[in-house]
Amino acid sequence: MSGTPAPAVLAVVGAGPRATGLLERIAANAPELWDGTRALHIHLIDPHPPGPGRIWRHEQSGLLRMNSMAEDVTMFTDESSTIEGPVRPGPSLAEWAAQFSGRGPRHAPYAEPADPEVLAELRTLDPADFPTRRAQSAYLDWVFRRVLTELPASVTVEWHRTTATSVTGPPDGRQQVRLDGRDDPLTADLVVLAQGHIGTEPSHEHRAFAAFARRHGRLHLPPAFSADADLSGLRPGEHVLVRGFGLAFVDLMSLLTEGRGGRFRTRPDGTLQYLPSGREPVLHVGSRRGVPYHSKTRYRLQGPRPALPRYFGPEAVDALLAEGRPLDLRRDVWPLMAKEIGYGHYHELFHAHPGRTTLGWEGFAGVYDRLGWYDAEMTELVASAVPDPADRLDFEALDRPLDGLAFASPDAFQDHLRTYVTEDVARRENPEFSADLGAFLALLSLYGQLPRLVESGRLTARSVAGQLDGWWQGFFSFLASGPPGFRLRQLLALSEAGVVRFLGADVRIAADDSTGTFTATSPTVPGHTTRATALIEAYLPGHSLDRTEDPLLRDLHRSGALAEEVVTDPGFTHRSGLLTVSPEDGRLVDPSLGGPHPRRVALGAPTNSRAVAAFARPRTDSPGFRQNDAVARALLRALTEVAPTVSPGAGHASVAV
């Protein structure tokens with residue numbers, strides 16, 4: 001019986017920015033790797049709209065914003081991208097938004113966002129503005145629609161607005177993907193898991209706090225994505241402990257103040273005053289550091305852009321691995337990372353602000369090159385060349401600004417922290433301190449190098465657990481993932497109004513059955529206890545395959561068809577909660593096969609590539625884009641090699657999304 005080859009089929013679970021970036025790379029590489037004589041059909045499976053996905057969906061509060069400037073957000077490769085496939089530049093969020101005010105060219109497919117508030121924002125969006133998440137949602141929606149137009153005619157895409165619940169199938173055969181609410185599974189030649197950030201069920205500690213709250217009629221909110229958190233149970237004037245001082249706290253702060261009718265007004269001196277609505281709770285916030293994340297800079301480099309990485313690039317990683325010994329992150333790796341960040345900092349200081357240095361750049365850099373970060377000679381070099389301590393890079397002071405400090409009363413600490421935040425915002429908005437941005441850019445250049453060390457097995461388990469996934473991830477977020485400055489000015493106004501109170505560093509939370517209250521203590525204010533009737537865990541859920549909310553991952557985990565990353569030393573084992581994938585092509589490691597599954601791939605969070613970002617700052621050779629390109633090419637090659645079945649029909653019709 002004659003017929004046409006049935007299409008090759010790819011199922012992608014998740015349709016957010018990670019999946020969109022993968023589709024963009026499939027479109028870019030298809031002219032080389034897909035000859036078009038056979039159709040390729042791609043199933044996208046996600047209950048949320050393709051492009052934005054869950055995290056960036058339009059249906060969230062307009063108060064929530066990105067922590068990146070509009071000009072620093074792109075979904076497209078550029079001249080910095082070190083990829084095997086073709087570079088296909090595209091507009092950043094700022095460049096795309098400019099078309100709606102007539103300040104820039106139109107980008108096909110052109111369509112104005114349906115939400116009039118988003119359209120109004122885009123028409124006035126400055127490249128240095130921090131956009132709303134709804135604006136980013138509109139951008140991601142456009143990127144997805146653009147990608148559809150770039151796919152060859154032989155490639156079609158179908159969106160299934162539901163959840164994938166399981167995937168089964170032999171390693172040498174087609175895979176069956178079951179969908180919630182559907183009787184018949186999808187059949188695919190290859191499956192990609194790209195669910196992005198996934199929630200988890202509460203941990204033992206959180207379950208215990210929840211049980212305490214139920215016994216006493218109190219409220220406990222476990223870690224959650226801010227847009228999904230149910231805050232309706234928090235009463236006006238109720239005292240609430242908030243554990244976590246990062247971006248999740250900033251989002252919750254906005255939702256519980258402006259989101260409840262309060263407003264900010266600007267005083268004649270430029271400071272903000274908060275005018276309460278009377279519906280706000282009182283938020284007592286603390287964390288390990290006891291201070292908010294550092295404000296994002298709002299200026300550009302004043303000097304030339306340095307070539308990065310210099311001390312901690314691929315060659316440096318190769319040299320570390322060639323030593324053939326166990327590696328400790330703080331002892332063996334961090335000095336190179338610190339030197340890289342320092343290079344970015346001092347390169348900008350010497351080039352943009354030479355009046356604040358006593359040496360020329362060439363003289364300083366020649367000595368800097370041959371010294372280790374913690375060498376005594378390095379300390380002497382910096383002290384002699386950079387007279388003002390405010391211009392020097394002090395990681396210890398940056399990391400733990402409250403260490404060694406204790407205050408006689410809570411009010412004294414409030415005053416101190418308000419001064420600290422005021423100075424931080426002023427510094428991050430003053431281009432005289434653009435060396436901080438140089439350090440930030442160098443910090444970004446480090447991120448893509450670390451997964452190789454983990455994949456090599458040379459980092460000790462204690463380094464991975466306590467340093468890479470613990471200290472380093474927290475330090476990176478503290479310096480690089482802070483809120484825009486206006487959020488911290490709002491925090492100051494809320495503190496002055498008594499709506500927000502600061503608890504201190506190394507905060508300890510407990511539950512007191514005798515009073516039915518949650519308690520918080522901190523060595524920053526010795527002897528003081530804060531009591532509250534509600535507790536919010538203001539941080540993202542941690543990775544856990546044992547407690548994942550994703551039904552597909554839960555099913556694979558219970559059936560033993562995926563491997564959790566486990567790093568072991570003698571006497572110590574670290575289970576990261578991350579999926580183990582092959583570094584070359586992202587194939588999912590299946591313990592029953594003793595290696596990667598040839599037909600299943602996983603990308604981004606929650607894999608041991610450690611959540612390589614789905615979108616990036618332009619001209620930074622994004623690790624996420626490199627990963628998307630490598631995986632897209634591997635998928636196209638694998639799909640080409642899959643033996644076609646014969647379909648008696650006239651081929652596969654195009655399916656609109």
Side-chain angles (χ1 to χ4, degrees), residues 7-12 14-44 50-53 73-93 95-96 105 107-110 139-159 189-192 194 196 448 584-587 601-604 609 612-642 654-655 657:
V9 180
L10 173 66
V12 181
R18 170 60 68 181
T20 301
L22 178 65
L23 285 181
E24 190 278 330
R25 289 290 83 200
I26 288 175
N29 285 286
E32 174 193 349
L33 300 176
W34 193 259
D35 65 13
T37 59
R38 183 184 178 198
L40 169 60
H41 189 62
I42 301 174
H43 294 287
L44 286 181
V73 178
T74 188
M75 285 286 289
F76 298 100
T77 53
D78 55 39
E79 69 277 7
S80 72
S81 301
T82 54
I83 54 177
E84 189 177 352
V87 169
R88 285 195 175 180
S92 67
L93 171 54
E95 292 165 338
W96 174 77
H107 299 283
Y110 180 82
Y139 173 64
L140 293 171
D141 172 73
W142 171 79
V143 172
F144 176 76
R145 289 185 290 108
R146 167 171 157 156
V147 168
L148 293 184
T149 69
E150 295 176 337
L151 289 166
S154 60
V155 180
T156 54
V157 176
E158 181 179 4
W159 172 37
D189 296 298
L190 300 176
V191 177
V192 176
E584 302 83 10
D585 54 15
R587 286 186 297 159
V601 171
L603 284 176
S609 62
V612 172
F615 45 85
R617 197 180 181 102
R619 293 174 294 283
T620 55
D621 190 18
S622 163
F625 296 172
R626 297 201 305 265
Q627 185 185 61
N628 286 346
D629 188 72
V631 171
R633 293 177 69 83
L635 289 171
L636 288 170
R637 290 190 178 106
L639 288 164
T640 299
E641 295 169 359
V642 170
S654 177
V655 180
V657 176

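Under the 3.5 Å distance criterion, the side-chain polar atoms of E641 are left unmatched by any main-chain donor or acceptor of A638. In this structure, S622 contributes its side chain and A616 its backbone to no donor-acceptor pair below 3.5 Å. In this structure, S81 contributes its side chain and I83 its backbone to no donor-acceptor pair below 3.5 Å. The main-chain N or O of P52 is never found under 3.5 Å from a side-chain atom of Y139 such that the two would form a donor-acceptor pair. When atom types are taken as modelled, the side chain of D189 and the backbone of V9 share a donor-acceptor pair closer than 3.5 angstrom. A donor-acceptor pair under 3.5 Å is formed between the side chain of R25 and the backbone N or O of P86.
Put simply, the residue from L639, L635, L636, T640 that forms a side-chain contact (heavy atoms from CB on, under 4.5 Å) with L33 is L636.
When only modelled atom types and interatomic distance are considered, Q627 and R18 share a side-chain donor-acceptor pair under 3.5 Å. One side chain, T82 or D621, offers a donor N or O that lies under 3.5 Å from an acceptor on the other.
Residues meeting the salt bridge (charged side-chain N to carboxylate O under 4.0 Å, His left out) test with D78, sequence neighbours left out: none.
Heavy atoms only, all atoms of each residue included: G36 and S154 are closest at CA-OG, 3.5 Å. The nearest pair of heavy atoms linking T156 to H41 is OG1-ND1, 2.7 Å. Across all their heavy atoms, A8 and W34 have their closest contact at CB-CH2, 3.8 Å.
Using a 4.5 Å cut-off on side-chain heavy atoms (C-beta onward), L140 and M75 make contact. Between F76 and P91, some side-chain heavy-atom pair lies under the 4.5 Å cut-off. V147 is not listed as a side-chain neighbour of T149, based on a closest heavy-atom distance of 4.5 Å or more. Side chains of L44 and E158 form no contact here, defined as non-hydrogen atoms less than 4.5 Å apart.
Remark: N628 CG to I26 CD1 distance equals 9.5 Å, nearest 0.5 Å. Distance check, rounded to the nearest 0.5 Å: CG of L10 to CG of L22 gives 7.0 Å. L151 CG to L40 CG: the interatomic distance, rounded to the nearest 0.5 Å, is 8.5 Å.
No salt bridge links E24 with R146; every basic N to acidic carboxylate O contact stays at or beyond 4.0 Å. Ion pairing between E84 and R637 holds under the 4.0 Å rule for side-chain N and carboxylate O.
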Intermediate values then yes/no, side-chain contact (heavy atoms from CB on, under 4.5 Å), D585 and V601:
CA-CA 8 Å; D585 54 15; V601 171; over 6 Å; no
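Residue pairs meeting the ring pair (Phe, Tyr, Trp, His ring centres under 6.0 Å) criterion with at least one member in residues 615-638, sequence neighbours excluded: W56-F615.
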